[in-house]
> 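Questions regarding the structure given below will be posed in turn.
What you see is a predicted model; the values in this text were computed from it and never measured. The sequence lines fix the lettering, A, B, ..., with proteins before strands; numbering per chain opens at 1.
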There are 2 protein chains.
Amino acid sequence: MVNVTMADVAEKAGVSKSTVSQYLSKRYEYMSVETRKKIEQAIKELDYRPNVLARSLKQKRSSTIGVIVANIMHSFSTEICRAIEDYYQEQGMNVILCNTDEDGDKEKSYIEMLQAKQVDGMILFPTGKNKSLYKKLTKQRIPILFVDRKVEGVHTDTVVANNADAVYQAVKHLADQGHRKIAILTAPLTISSRIDRVEGFKRAVQELGLDSSRDLTINCEIGQIRGRLQSLLSREDKPTAIIAGNDLVLMEILAYIKENRIRVPEELALLVFDNIPFAHLLSPTLTTISQPSAEMGRAAGRLLHERIKAEQPSDQQPPREMTYECTLIVRESSQGGIRP
Amino acid sequence: MVNVTMADVAEKAGVSKSTVSQYLSKRYEYMSVETRKKIEQAIKELDYRPNVLARSLKQKRSSTIGVIVANIMHSFSTEICRAIEDYYQEQGMNVILCNTDEDGDKEKSYIEMLQAKQVDGMILFPTGKNKSLYKKLTKQRIPILFVDRKVEGVHTDTVVANNADAVYQAVKHLADQGHRKIAILTAPLTISSRIDRVEGFKRAVQELGLDSSRDLTINCEIGQIRGRLQSLLSREDKPTAIIAGNDLVLMEILAYIKENRIRVPEELALLVFDNIPFAHLLSPTLTTISQPSAEMGRAAGRLLHERIKAEQPSDQQPPREMTYECTLIVRESSQGGIRP
DNA sequence: TCAAACAGATAAACCGATTTAGTAAATCGG
DNA sequence: CCGATTTACTAAATCGGTTTATCTGTTTGA
């Protein structure tokens, strides 16, 4: 038999489909032990496995959620995805993974695909380029949750790191080491996490009375970082410390540093936002700002799940925004570099 | 209207469901331009989106494939997954991602879940612990494909790297640099890729007439690597070069080297199997064996897809095994280390 | 003793599409 | 002008489950 259905089981057990269905959903209340045994037996003999598509169709839920990530190659994203996946596995649910490369069109087509697939909810690293679509989703009561980035004007659950404060602490740490001229390099300020990082930077510079020249804040495409670094570091009054906005920016900076044989931290202190797997193995070891990715991923999974479960009764709680604190892990690259 | 169905569209357009269905599948043959326009209009006005679950139920295919990966945190795995995802996006299909942590039970439960979800096929990094289940799947004509690892006795499409030859070339390279005592460290030999790497190592040692002491081949759990390294390197006749079996092993080795201030490549040459994102940024830069992960992922996607499409006509081609060559990227860590 | 309650099970409707078999009207060929 | 074909469209069955209403008997309660 190619495909065993519930009808086959029912026939073999000598009962009706309805009873088999009751058995499967473990509603044994009005069922004789005898019947139960017969069904059990029939299922085993036929190696029956229910078709969840049919179930989902009727129940109007698919036990599947969609995760739309900007770039899975980013280790922070991978860690979040993994945590989400772990959470939903425990809950007996599945995760469809989608990758947008920060492309708004791809994001849109994925969202529509996931909707067509009747996912119970979506977790997204929003590109921010489809605001009206996000809003439409919330209006249609499709549970969505943003992670890593907030989107202004869209009211839904959000899980982010305290980017601003983390950078503030980082700048403070550098200032404590005697640095007065600190630069920050990030990718373009298209998403809230980057904006917040720069904001924390500016606030710290302000409050701590550091050099607040405009050109110590650089936001550009990855490909242009080398060039910007070049001009930044060839100036007379060049910065003594640099904060890399994420792991990809860091790679560029490290390459530049290696090429130009810049000594870290003696000539230039270095600090990165993001957990770098090799941070403790580089020479010098790298000071990092670590985001609690596993906790954030789990929280995202849990929060969305609560929304999904609460969807039936119309107890509409206001959107929650969870902010996770980061940890500054001080290593060699940011310590004892400059002579006051 | 909460959920627009095809019936709603049909009513609005003043035609039958059947005609709408024809329209959706672009079978315009026997349809007046007028009708077509009316349907178009109705769909737009209602913002109708077909329910793919219903479609899948009837058509007995879900346009979804399952990917079961041993450990998504492994960068090689992530790269493969990304390539698979890219491929299926282009094909208008979705990917459900599952993570097993090399746990056979998890793998089994995922396989069953995916089957229940009626996936059109599965790509797996097999743990190797569910042979009978793999066989059952192939017997049931459910298209499955193995990637990274072969499984003896299970006849299905497989995409792997030429692990043996890659290591052979690596050993040759080290021998060319004058090394006679080379060690290889890998995780336990539970999967074919690791077994093949060791085999390539042994063959090279044999053919090139290098030191073939048994204890230069170490296979142990990640947690034990430090200890094994300790005893390996405290011997009088210690090896002058080490090959790390994968990125996780490398991390342990690098940590050990850093702690014990071993100079690379002067005291010890180092070479890793796997593409390490920081390879060119470490000091010294690291010699690596790079697997063409993107090509392998795409190939896996394409091959499985061909199987899926060919499933309807009963043209059963024999299983294909695609082997991809790796590239030895020589950097500082393996060059000019020893004095003959 | 008779209606109400209950235990155990089922028939049939339903979820939202696809697909098959068929129908009515228009067109065609001889 | 009539039967055959073609065109344009539809009713109804189907996919494989869930769910609701219902249907027998058997207990129970007053």
> Provide the full list of salt bridge (charged side-chain N to carboxylate O under 4.0 Å, His left out) pairs with a residue in residues 10-23 of chain A, sequence neighbours left out, each pair given once.
A/Lys12-A/Glu45

> Can you check the A/Asp8 CG to D/dG16 P distance for me, whole Å?
9 Å

> Using both pair distances under 3.5 Å as the test, note the stems of at least 3 consecutive Watson-Crick or G-U pairs that include DNA chain C.
C:1-30 with D:1-30

> Mind checking what makes salt bridge (charged side-chain N to carboxylate O under 4.0 Å, His left out) contact with A/Asp105, not counting sequence neighbours?
none

> Would you say the side-chain atoms of A/Tyr23 and A/Glu40 include a donor-acceptor pair closer than 3.5 Å?
yes

> Sequence neighbours left out, what passes ring-ring contact (aromatic ring centres under 6.0 Å, His included) with B/Phe76? Give chain and number order.
none

> Strictly under 4.0 angstrom, non-hydrogen atoms only: write out the protein contact profile of nucleotides 9-16 of chain C, one letter per nucleotide from the 5' end, B, S or -.
SBBB-BBB

> Identify, with sequence neighbours excluded, every residue that meets salt bridge (charged side-chain N to carboxylate O under 4.0 Å, His left out) alongside A/Asp120.
none

> On DNA chain D, compare the nucleotides closest to B/Lys38 and A/Ser25; which residue's is nearer the 5' end?
B/Lys38

> What pairs with B/Tyr87 under ring-ring contact (aromatic ring centres under 6.0 Å, His included), at least two apart in sequence or on another chain?
B/His305

> Identify, with sequence neighbours excluded, every residue that meets side-chain hydrogen bond (donor to acceptor under 3.5 Å, both in side chains) alongside B/Asp148.
none

> Got a sec? Which of residues 109-122 of chain A come in under 4.0 Å of DNA chain C, heavy atoms?
none

> CZ of B/Arg27 versus P of D/dT10: gap in Å, rounded?
17 Å

> Among pairs that include at least one residue of residues 70-96 of chain A, which meet salt bridge (charged side-chain N to carboxylate O under 4.0 Å, His left out), considering only residues two or more places apart or in two chains?
A/Arg82-A/Asp86, A/Arg82-B/Asp101, A/Glu90-A/Arg298

> What is the distance from OH of B/Tyr23 to P of C/dT19, rounded to the nearest Å?
18 Å

> With sequence neighbours left out, what residues match A/Asp157 under salt bridge (charged side-chain N to carboxylate O under 4.0 Å, His left out)?
A/Arg307

> Once salt bridge (charged side-chain N to carboxylate O under 4.0 Å, His left out) is applied, do any residues pair with A/Lys136, and if so which ones, sequence neighbours excluded?
B/Asp47

